[in-house]
Amino acid sequence: MLNDNLKQQLAQYLELMEGDVVITASASDDKTSQEMMELLNVIKSLSNRITIKEETLKRTPSFTLARPNEAARVTFCGVPLGHEFTSLVLALLQVSGRAPKVDEAVIKQIEKLEGPFNFETFISLTCTKCPDVVQALNMMSVINPNITHTMIDGAAFREESKDIMAVPSIFLNGEEFGSGKMTVEEIIAQLGGGIEASEINAKETFDVLVIGGGPASGAAAIYTARKGLRTGIVAERIGGQVNDTASIENFISVKETTGPEFSQNLADHIAAYDIDVMNAMRVSKIDKIDDLVHVELENGGKLTSKTLIIGTGAKWRNMNVPGEVEYKNKGVAYCPHCDGPLFEGKRVAVVGGGNSGVEAAIDLAGIVEHVTLLEFGDTLRADKVLQDRLNSLSNTEIIKSAATKELTGDDKLKALTYVDRNTNEEHTIELEGVFVQIGLVPSTEFTGDLLEKNNRGEIIVDRNGLTNVPGIFAAGDCTDQTYKQIIISMGSGATAALSAFDYLIRN
Ligand SMILES: Cc1cc2nc3c(=O)[nH]c(=O)nc-3n(C[C@H](O)[C@H](O)[C@H](O)COP(=O)(O)OP(=O)(O)OC[C@H]3O[C@@H](n4cnc5c(N)ncnc54)[C@H](O)[C@@H]3O)c2cc1C
């Protein structure tokens, strides 16, 4: 199960335990239970701080971790190997009393949460985004006695997870709470915690305030902080779209990396400078009054700054047809890299015949039973090389001039109806998944009428990143720059930062 090298590494980690941990295991005769017990016995053999007792718990196979004489708040259902092995090691260390590596301010925010909050997260052991959520919720459970967290491996609990169409899927007190990658700050914000409005209002005027947490904003903030300017970032999530990217191979000088790794490196780079990061916060309105930019946050907090850099990027464009919202995460998905494996052996459609749609169809064809690609126009817009590859696959079909009309089903998606734009006839395709790949929309609503935008809603900037309002700059995918890429966003973030610096020394 664990090779000698891994056992040796594990033994070194377990030496860092600061107190005793009681593992309570619920096992039966089945293979997964036996594997779980084998793993737990290996762990026990490596540390004399660990004891194991057996008891019947809510789910079998599962086990809890607790301090002696305390109720357990961290539970693993299934065998946390694969990407969740690190989650298990961290949980053992933290339950033993070892402090988690997180800001003191975040720990205080977790301690303040009232609860009771009982979380359950469905994961798959191959999901790369799942450990972030599992580790965040385990850590919160260790810090605050009003929080519990149970990780459930969908593969070990197939019946219970049969309706889960996106991982991680997070439930709070039995109700859906979220799906996809969530940081600890985002979870705290969704629970009504986080930085309070009064704390925001108490902040002094910034030299530069950056809105957004993606490559453009990260680059902008690092550049202005390096100029010695008082810099703040208000970001819904650090990393931006990169969080949803499986593999990145065109960030020049880094041959290959993953989205989560890239996002973490970006967060670490930002943290290395004196930047006031207000994470998991959304801006709702901006204004320029006299010489100051006024920024309002969704939690009611208000900030002022001498200059503003907007790097709010873009988000998946919705089809806006009946059924799309109802079946989100119950068949409707946007990220083929993330959710494709959940549709293994099923019939799916991809809506959109541009590069991302055709790429998605090619990727999915290797996993699912059949892919139908629907394109609104009468030709595909994807590069020829991609179209050729798609055409060479045996389990794909391309339907052009198709206007998606409706998605239907019961508790899960069952069918997509489209109108043939040439004949006006309606057709229905039976399927279990629809991947929407019709491009992205810029996140610029909060700028209202203050800033000039093109007909796609992108902020119009000049070659220095300046908008129509002096002192307000924009960079990255939220602007009308032609190409939307990480390296380009970072370059334009740096340009906007240097322009803001130039503006400040002249005004
Ligand atoms: C699936 C996928 C794969 C990709 N693969 C690649 C690739 O391999 N190589 C490559 O170069 N590019 C790739 N891209 C494109 C690349 O990710 C984007 O061009 C880049 O992330 C844009 O950076 P940005 O900082 O402009 O915006 P974003 O990354 O979109 O970041 C914007 C940030 O602003 C935040 N935000 C939005 N509104 C608000 C608000 N009101 N208040 C506070 N914060 C807000 C968002 O939450 C987000 O954190 C990919 C994109 C996707 C979706």
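Just so you know, ligand 1 is whichever comes first in the structure, and atom 1 is the first atom listed for that ligand.
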**Student:** Looking at Y273, I'd like to know if the NZ or CZ of R226 sits under 6.0 Å from its six-membered ring centre while staying within 45 degrees of the ring's axis.
**Tutor:**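 Pair R226/Y273 does not count as cation-pi.
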
**Student:** As an exercise, identify every atom of ligand 1 less than 4.0 angstrom from a heavy atom of A314.
**Tutor:**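 Matching atoms, with element in brackets: 30 (O).
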
**Student:** Between R237 and ligand 1, does any nitrogen or oxygen pair lie at a separation below 3.5 Å?
**Tutor:**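 Yes.
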
**Student:** Just wondering, are more than 12 heavy atoms of other shown residues or ligands nearer than 6.0 Å to NZ in K302?
**Tutor:**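 Not more than 12 within 6.0 Å, no.
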
**Student:** Check each heavy atom of S489 against ligand 1 and say whether those closer than 4.0 Å belong to the side chain, the backbone, both or neither.
**Tutor:**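 The side chain, only.
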
**Student:** Check each atom of ligand 1 against the heavy atoms of G311 and keep those under 4.0 Å away; list them by number with element.
**Tutor:**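 That gives atoms 32 (C), 33 (C), 34 (O) of ligand 1.
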
**Student:** If you count the atoms of ligand 1 from 1 in the order shown, which ones are under 4.0 Å from a heavy atom of V234?
**Tutor:**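 With V234 as reference, the close atoms of ligand 1 come out as 43 (C), 44 (N).
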
**Student:** Ligand 1 versus K315, non-hydrogen atoms closer than 4.0 Å: side chain, backbone, both, neither?
**Tutor:**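 Within the 4.0 Å criterion, K315 makes no contact with ligand 1.
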
**Student:** Enumerate the salt bridge (charged side-chain N to carboxylate O under 4.0 Å, His left out) contacts for residues 463-492, please, sequence neighbours excluded, ordered by first and then second residue.
**Tutor:**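 As it turns out, the salt bridge (charged side-chain N to carboxylate O under 4.0 Å, His left out) pairs with a partner in residues 463-492, which skip direct neighbours, are E458-K484.
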
**Student:** So do the side chains of T479 and S492 get within less than 4.5 Å of each other, counting heavy atoms only?
**Tutor:**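 Counting from C-beta outward, T479 and S492 never come under 4.5 Å.
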
**Student:** Considering distance alone, does some N or O of A475 sit under 3.5 Å from an N or O of ligand 1?
**Tutor:**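 Checking ligand 1 against A475, no N or O pair falls under 3.5 Å apart.
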
**Student:** Would you indicate whether the side-chain heavy atoms of K330 and L413 approach each other to under 4.5 Å?
**Tutor:**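 No, every pair of side-chain atoms sits at 4.5 Å or beyond.
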
**Student:** Taking both backbone and side-chain atoms of G476, is any N or O found less than 3.5 Å from an N or O belonging to ligand 1?
**Tutor:**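 Min N/O separation from ligand 1 is not below 3.5 Å for G476.
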
**Student:** With a cutoff of 4.0 Å, is F251 in contact with ligand 1, counting heavy atoms of the residue only?
**Tutor:**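 F251 does not count as a contact of ligand 1 under the 4.0 Å cut-off.
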
**Student:** Does ligand 1 have a heavy atom under 4.0 Å from the side chain of C478, from its backbone, from both, or from neither?
**Tutor:**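 No part of C478 is near ligand 1 at this cut-off.
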
**Student:** Heavy-atom contacts with S443 under 4.0 Å: which atoms of ligand 1 show up? List them by number with element.
**Tutor:**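 Checking each atom against S443, I get 37 (C), 38 (N).
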
**Student:** Should you measure from each heavy atom of I211, which atoms of ligand 1 turn up under 4.0 Å away?
**Tutor:**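 That gives atoms 42 (N), 43 (C) of ligand 1.
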
**Student:** One residue to check: N250. Relative to ligand 1, which of side chain, backbone, both or neither has a non-hydrogen atom less than 4.0 Å away?
**Tutor:**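 Under 4.0 Å from ligand 1, N250 contributes side-chain atoms alone.
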
**Student:** Is there a nitrogen or oxygen of Q241 sitting under 3.5 Å from a nitrogen or oxygen of ligand 1?
**Tutor:**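 Yes; the residue has a nitrogen or oxygen that sits under 3.5 Å from a nitrogen or oxygen of the ligand.
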
**Student:** Below 4.0 angstrom from a heavy atom of M281, which ligand 1 atoms are there? Numbered from 1 as shown, please.
**Tutor:**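 What qualifies from ligand 1 is 43 (C).
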
**Student:** Below the 3.5 angstrom mark, is there an N/O of A235, backbone or side chain, next to an N/O of ligand 1?
**Tutor:**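 Between A235 and ligand 1 (N or O atoms, distance only) the closest approach is not under 3.5 Å.
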
**Student:** Would you check if M281 and I200 make a side-chain contact, meaning some heavy-atom pair closer than 4.5 Å?
**Tutor:**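 Yes; the side chains approach each other to less than 4.5 Å.
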
**Student:** May I ask you to check whether Q485 has an N/O atom sitting below 3.5 Å from an N/O atom of ligand 1?
**Tutor:**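 There is such a contact, yes.
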
